[in-house]
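Please read the structure below before turning to the comments.
In what follows, every chain begins at residue 1, and chains take the letters A, B, ... in the order their sequences are listed.
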Protein chains: 2
Amino acid sequence: MTKRESNVDRVYEALRQMAADFAFKPDQRINESALSDVLGARRTPLREALNRLVAEGFLTFQINRGFFCRPLTPSYILDLYEARVAVECEALRLACLRAPDSEIAALSDYLDRMEPDYQSATDPVELLALDESFHNRLVQLSGNSELLRMLQNLNGRIRYIRLIDLKRMRDQADGAAPGDVSAHKRVLEGLAARDVVAATDALRSHIEKRREEATEAVRIAFSQLYVPDD
Amino acid sequence: MTKRESNVDRVYEALRQMAADFAFKPDQRINESALSDVLGARRTPLREALNRLVAEGFLTFQINRGFFCRPLTPSYILDLYEARVAVECEALRLACLRAPDSEIAALSDYLDRMEPDYQSATDPVELLALDESFHNRLVQLSGNSELLRMLQNLNGRIRYIRLIDLKRMRDQADGAAPGDVSAHKRVLEGLAARDVVAATDALRSHIEKRREEATEAVRIAFSQLYVPDD
DNA sequence: GCGCTCATAACTGTATACAGTTTGGAATTC
DNA sequence: GAATTCCAAACTGTATACAGTTATGAGCGC
């Protein structure tokens with residue numbers, strides 16, 4: 001029996017998971033030996049995986065000092081969300097031009113089926129998975145695998161910012177319900193009508209609203225970090 | 001005296017250069033030992049650099065079979081150009097909204113200064129560098145470093161496709177002159193007037209025109225590959 | 001000649017070792 | 001006490017070795 005998954009792949013996935021679970025704090029230096037113990041892999045394959053994450057923008061690297069978790073500044077968050085707008089709106093435009101009606105209808109059905117789950121979900125991780133899944137499918141309708149790859153890279157980095165946001169929403173239960181699918185529905189209506197402007201405007205404002213919420217959540221989370229220990 | 005550049009970085013840059021110089025043919029398997037001899041680096045740092053290139057989409061990887069140059073299919077080329085449209089048009093939109101007049105004027109000046117070089121350049125490599133430089137600066141006006149990173153990644157992969165195209169143009173001297181900056185000027189006029197629609201329409205059609213040319217050039221290059229040896 | 005088997009060569013995957021660099025703190029000076 | 005120097009420990013960078021897998025091709029039966 002031959003192996004199907006490379007060890008580097010396994011380590012790489014584990015590292016992404018750790019990043020999403022706040023295992024690394026922004027700007028934290030990553031100790032390769034300690035990490036290799038945790039992951040059950042030696043430093044050689046670990047470093048190969050870390051280099052992939054550097055190339056993807058998850059981590060930074062300094063010569064002779066090693067790998068660092070990327071700092072989480074407001075302007076970085078803004079950049080990531082703006083890049084998402086670029087990727088998703090162009091994908092939506094392409095989908096309006098060429099996605100078959102049947103696939104658009106399938107995504108509508110999916111959204112309808114998921115709506116109860118969406119509204120009853122209380123676990124932020126679950127909600128986030130549902131939301132990411134919708135956006136992934138939307139971009140898949142463009143048929144462009146580079147746009148999909150870019151979205152997945154951005155979402156990988158945005159994920160833990162959004163988790164901060166969703167946890168805050170659950171705690172405060174203020175304003176917009178987190179399980180609100182109306183924005184997604186508006187996007188799909190525009191898409192079904194092949195109305196590029198209506199669809200992209202809806203999507204753009206949806207993502208920008210999410211960005212404002214996330215930025216605020218991170219601001220609050222940071223301010224709490226600076227509360228002195230008693 | 002301390003080292004300023006990591007060996008992995010050096011190897012990584014050398015590999016990108018080799019890719020742009022057609023050192024690897026599409027779908028070609030990459031022999032690590034042979035490559036490490038050429039680059040003067042051992043396999044450990046070489047593999048770290050190769051992993052970065054996999055993460056960036058330059059190469060593919062198969063377990064126990066190693067690294068491969070990415071195949072060059074028409075749909076892959078289409079995906080890359082569409083992704084460029086996504087990145088550049090959104091960057092341009094953001095630049096229309098917030099780039100200072102002074103920086104827009106500086107880019108206009110740059111274009112005017114470069115125009116003679118552009119029109120007299122006959123070396124495809126030189127022309128390409130000039131063109132990429134303009135597009136990079138345009139995206140920089142958005143102030144978004146993620147969009148810039150994405151553009152540089154896409155251009156790194158598109159570069160050798162465009163070289164095929166530019167070499168064909170030089171040989172045939174048909175249709176549009178390669179050193180035509182009028183499209184760039186139209187984009188900047190729209191930007192200076194803060195006219196998002198005019199600017200992005202001009203940019204979109206410019207990139208799509210380039211894509212059609214490049215796709216055709218690759219099609220021709222491929223058809224010549226299949227001419228049987230005599 | 002064509003397909004199959006198996007031995008071997010070539011190559012990839014990674015553990016280990018060690019060299020070079022940075023870091024943190026003790027010792028020293030003012 | 002604060003600043004500085006210097007040394008040891010910790011960590012990163014990579015060469016090397018070898019184990020495990022894949023590719024190649026000779027030999028063989030048909």
Side-chain angles (χ1 to χ4, degrees), chain A residues 1-19 22-71 229, chain B residues 1-19 22-71 228:
Chain A
M1 160 158 165
T2 70
K3 239 195 311 187
R4 307 213 168 278
E5 194 189 30
S6 114
N7 195 16
V8 174
D9 283 343
R10 185 182 62 75
V11 169
Y12 167 82
E13 288 301 334
L15 287 170
R16 284 189 55 147
Q17 188 61 48
M18 286 176 74
F22 305 92
F24 312 116
K25 289 177 193 150
D27 262 329
Q28 181 190 336
R29 183 173 176 172
I30 290 170
N31 183 320
E32 294 172 16
S33 304
L35 198 53
S36 74
D37 287 347
V38 172
L39 294 173
R42 297 296 178 176
R43 282 179 57 222
T44 310
L46 169 59
R47 282 175 60 99
E48 292 191 5
L50 288 169
N51 271 287
R52 286 197 200 175
L53 292 164
V54 168
E56 286 173 346
F58 282 86
L59 304 176
T60 61
F61 174 79
Q62 290 177 40
I63 184 168
N64 285 327
R65 300 198 57 226
F67 299 87
F68 293 79
C69 186
R70 205 166 160 154
D229 305 330
Chain B
M1 162 160 162
T2 70
K3 237 193 315 185
R4 308 216 167 275
E5 193 191 30
S6 115
N7 194 15
V8 174
D9 284 342
R10 186 182 61 76
V11 169
Y12 167 83
E13 289 301 336
L15 287 170
R16 283 188 54 150
Q17 188 61 48
M18 287 176 74
F22 305 93
F24 313 117
K25 288 177 193 149
D27 263 329
Q28 181 189 337
R29 182 173 177 172
I30 290 169
N31 183 320
E32 295 173 16
S33 304
L35 198 51
S36 74
D37 287 347
V38 172
L39 295 173
R42 297 293 178 176
R43 281 179 58 225
T44 309
L46 170 60
R47 282 176 60 99
E48 292 190 6
L50 289 169
N51 270 287
R52 288 197 199 174
L53 292 163
V54 168
E56 287 174 345
F58 281 87
L59 304 175
T60 62
F61 174 79
Q62 290 178 41
I63 183 167
N64 285 328
R65 299 197 57 225
F67 299 87
F68 293 79
C69 186
R70 206 170 159 152

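- For B:T44, the listed nucleotide lying nearest its side chain is D:dT16; candidates were C:dT14, D:dT16, C:dT12.
- What separates CG of B:L46 from P of D:dT14 is a distance of 12 Å, to the nearest Å.
- DNA chain C is contacted by both A:R29 and A:E48; A:E48 maps to the nucleotide lying nearer its 5′ end (nearest heavy atom per residue).
- Picking from C:dG13, C:dA15, D:dT14 the nucleotide with the shortest atom distance to the side chain of B:I63 gives C:dG13.
- In terms of polar N and O atoms assigned as donor or acceptor, the side chain of B:R65 never comes within less than 3.5 Å of the base of C:dG13 in a complementary pairing.
- Rounding to whole angstrom units, CG of residue A:N31 and C1' of C:dT22 are separated by 13 Å.
- In this structure, B:F67 reaches neither bases nor backbone, as no heavy-atom distance under 4.0 Å exists between it and the strands shown.
- Atom-to-atom, CG of A:D37 to P of C:dT16 comes out at 12 Å; the value is rounded to the nearest Å.
- Judged purely by atom type and a 3.5 angstrom limit, A:R42 has no side-chain atom pairing as donor or acceptor with the backbone of A:S36.
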ask   = After noting the C-alpha distance and the side-chain angles of B:L53 and B:L15, does the key distance pass the side chain to side chain contact (heavy atoms under 4.5 Å, CB included) rule?
value = CA-CA 9 Å; B:L53 292 163; B:L15 287 170; 3.6 Å; yes
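- For the pair A:R47 and D:dT12, the criterion of a side-chain N or O lying under 4.0 Å from OP1 or OP2 is not met.
- Contact of the B:E48 side chain with the B:V11 side chain is not registered, since no non-hydrogen atoms from C-beta on lie closer than 4.5 Å.
- If you check every strand for non-hydrogen atoms under 4.0 Å, A:I30 touches sugar and phosphate atoms only.
- The side chain of B:S33 approaches C:dT12 more closely than any other nucleotide in the set C:dT12, C:dT16, C:dT22.
- Between A:N31 and A:L35, the closest side-chain pair of non-hydrogen atoms is not below 4.5 Å.
- Rounded to an integer number of Å, the gap from A:F61 CZ to D:dC11 P is 16 Å.
- Proximity note for A:N64 (side chain, C-beta onward) versus D:dT14, C:dT14, D:dG13: the nearest is D:dG13.
- Summarising the geometry, the separation between CD on A:E32 and P on C:dT22 is reported as 15 Å, rounded to the nearest angstrom.
- Rounded to whole Å, the distance from CG on A:L35 to P on D:dA10 is 19 Å.
- A donor-acceptor pair under 3.5 Å is absent between the side-chain atoms of B:R70 and the main chain of B:D27, judged by distance alone.
- Interface remark: the B:R43 side chain does form a donor-acceptor pair with the C:dG13 base, using a distance-only criterion of under 3.5 Å.
- Whole-Å rounding puts the B:D9 CG to D:dG13 P distance at 10 Å.
- Whole-Å rounding puts the B:R42 CZ to C:dT14 C1' distance at 17 Å.
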